[in-house]
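Values below: all heavy atoms of this structure, side chains included; hydrogens, waters and symmetry mates excluded.
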Amino acid sequence: MKQKRAAALLLAAALAAGLLSGCVDGTKESISGDTASSASEGTFDLSFSARDLDVGYDESTAVKITLSGDSVTVDGGGTSLDGSVLTISAEGTYILTGELTDGQIVVNAADTAKIQLVLDQAAVHNSSGPAILVKEVDKVFITLAQGSENSLSDGAEYGTDPDVTNADAAVFSKADLCLNGTGSLTVTGNYKHAVCSKDDLIVTGGSYTISAVSGGLYGKDCVKIADGSFVIDAGTDAVKSDNTEDASRGFVYLADGNFDITAGNDALQAETLLRVDGGAVTAVTGGGSENASTTASGGVNESWGQWDTGPQGGNPPDGNMSHGMQPMSAVSEAGTADSSVPTEDSASAKGLKAGTALIVNGGSFTLDTSDDAVHSNGTLTIAGGTFKISSGDDGLHADAALAISDGIIKLDKSYEGIEGLSIDITGGDITLTASDDGLNAAGGNDASALSGRPGQNSFAESGDSYIRIAGGTVVIDASGDGIDSNGSLSVEGGAVYISGPTNSGNGALDYAGTAGISGGTLIAVGSAGMASGFDDSSTQCSILYQFSTALSAGDTVTLTDADGKVLAEYTPAKQYQSVVVSVPGMAQGQTYTLSAGGQTVEITQSAVSVTGGSGQAGGMTGGGPGRR
């Protein structure tokens, strides 16, 4: 039966228009800024060619290859056969059907040739090397025929043939490799990886079930995925690109697709840029958040970091953890970091991980991670998408700037909720729970962080640290500081609700520089010992008040004006004693009533920022000696 190329091109056009608008015209997209500067101009090719998207082929001109047991029958030219090893050496389309129980398909052609392998109810197993080995060619397309079910697998040990000594995947290519089509493919990497390209790895469609003792999908120069359905069970990283020699390579791009990932290490990892524009990703890494960096009591989890990182996808048989993370006995009893504690370059078990820049424009993410859920060694930008996160370490982390302009982010569990050198929130709907700080810029300046804890990030000394909130909704439940900035704090808009610490060593707000509010609604409650409010750099009025006794979780705090109109209201999740409140319309000279539980106080807004209550300065009924 002939599949018409014209129909396939219509499908390609539909994919281009519907899924990849602006990304399929062959042009390159430049990611500007420090994260993309290099001799190569930092230009990432995020495009998919028409041939990548074309799933068609002409059966009448294709070479037919029939697999049966340990034998191969060829109807056509362009191939040679040596026992059960078939070598394809001429440009063209080759249709494979049947089962090869112990053999290999080799592609070895001119470096200008493009070869299409159509799998139509095909199964290939090679007990001593890759099932498909691409030695030399310009590009190989593995097309999954409509409705077909196919499988490729290798053995647990490779032979000594020079052709396979440097190969390490069931599908191994030294050239660009594209997987497309509408059928299904099961790839089993018994030796190491499932699919590996030493150049580009591109996927534009198909249904994939991938299992590997080590990596799932690996493209040295890049991994680009336009669409497809993926179930990946990887001993180490599920999807990875790691070119360290060219700043315009080593990237991962997801335009769309559905991913169900279980990984011993990272789910999606890019040496440079990781960009996600759509799709759905469900991932469990490193055993999930249950395998957290700290115990339920807040101490060190000594088993954290001992993820599957051995050369065959598991911990090394000799127990030598130098392949990945070091045991946390490397932390001294005093809690200070030992030089043997692993750095960020060591193995990790993150959800989304980038080396220079991580950009999320859309998609849905359900991440249950032992390590950080979303992590960038450079910048992190979230401009859309839906996140449901349970992290054994940080929820969102960036070594440099972190910016959120849109999206729905729900952090059900984390150590630090959102952490970066600087944090800009201008939109989105964020709800987070953190066992330490909710928002943390540049490591913070509080005494609550467990010194030397596994997973703790170190920031370079910089005067650029700040937290700025100018839009969106942020709801924080933090056992450490609610918001902790090692520089300035600025609230310019949006709505912020904080249920902060119950211990006296932390505060709902903590900052090292100025703290100003010029817009938006903020209600922050917490313990009284380290309570801080906004300063006189503010242009919107605020109140910091400490009640005489602690209030219980569920006791609603309410601010009303002189006419009894409710201006702000919040029901905290935990016990609290201090309240910081600021809403638009508050004005100097006006009187407000603050009530919580059975306690009520009248407050005169005598300045832009007033404080009062137990141990506080005047400006309200019942005020005592002041403290800022």
S.K.: Do the ring planes of Phe365 and Phe387 sit parallel (below 30°), tilted (30 to 60°) or perpendicular (above 60°)?
M.R.: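 Rings of Phe365 and Phe387: parallel, as their planes differ by under 30°.
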S.K.: Quiz question: by atom type and distance under 3.5 Å, do the side chains of Thr272 and Thr356 form a donor-acceptor pair?
M.R.: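 The criterion, which ignores hydrogens and geometry beyond distance, is not satisfied for Thr356 and Thr272.
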S.K.: To check you understand the geometry: which heavy-atom pair defines the closest contact between Ala234 and Gly215, and what is its length?
M.R.: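 Scanning both residues completely, I find the closest heavy atoms to be CB-C, 4.3 Å.
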S.K.: Can you name the one residue among Leu268, Val360, Leu352 that meets side-chain contact (heavy atoms from CB on, under 4.5 Å) with Leu254?
M.R.: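 Running side-chain contact (heavy atoms from CB on, under 4.5 Å) over Leu268, Val360, Leu352 with Leu254 returns exactly one hit, Leu268.
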S.K.: Using a cut-off of 6.0 Å, state whether more than 12 heavy atoms not belonging to Asp82 lie near its atom CG.
M.R.: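 For Asp82, atom CG is not crowded (no more than 12 foreign heavy atoms under 6.0 Å).
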S.K.: Using the test side-chain hydrogen bond (donor to acceptor under 3.5 Å, both in side chains), find all partners of Asn108 that sit at least two apart in sequence or belong to another chain.
M.R.: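 None.
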S.K.: Salt bridge or not between Lys64 and Asp120? Use side-chain N to carboxylate O under 4.0 Å.
M.R.: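 No, no charged N to carboxylate O under 4.0 Å.
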S.K.: For Glu136, look at atom CD and say whether over 12 heavy atoms of other residues, nucleotides or ligands are found less than 6.0 Å away.
M.R.: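 Buried by this count: over 12 neighbours within 6.0 Å.
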S.K.: Search all heavy atoms of Ala349 against all heavy atoms of Asp371 and return the closest pair with its distance.
M.R.: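 That closest heavy-atom pairing would be O-CB, 2.9 Å.
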S.K.: Are the charged groups of Asp200 and Arg249 less than 4.0 angstrom apart, N to O?
M.R.: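 Salt bridge present between Asp200 and Arg249.
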S.K.: With no hydrogens and no angle check, just 3.5 Å: does a side-chain donor-acceptor pair link Thr282 and Asp260?
M.R.: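 Result is no, nothing qualifies.
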S.K.: For Asn258 and Ser229, does a side-chain donor sit closer than 3.5 Å to a side-chain acceptor?
M.R.: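 Note: Asn258 and Ser229 side chains miss the donor-acceptor criterion.
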S.K.: Between Thr244 and Glu271, is any side-chain donor less than 3.5 angstrom from a side-chain acceptor?
M.R.: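 Their side chains do not contain a donor-acceptor pair, so the 3.5 Å distance test is not met.
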S.K.: Assess whether side chain to side chain contact (heavy atoms under 4.5 Å, CB included) is satisfied between Ser391 and His375, documenting all intermediate values.
M.R.: CA-CA 11 Å; Ser391 172; His375 178 103; over 6 Å; no
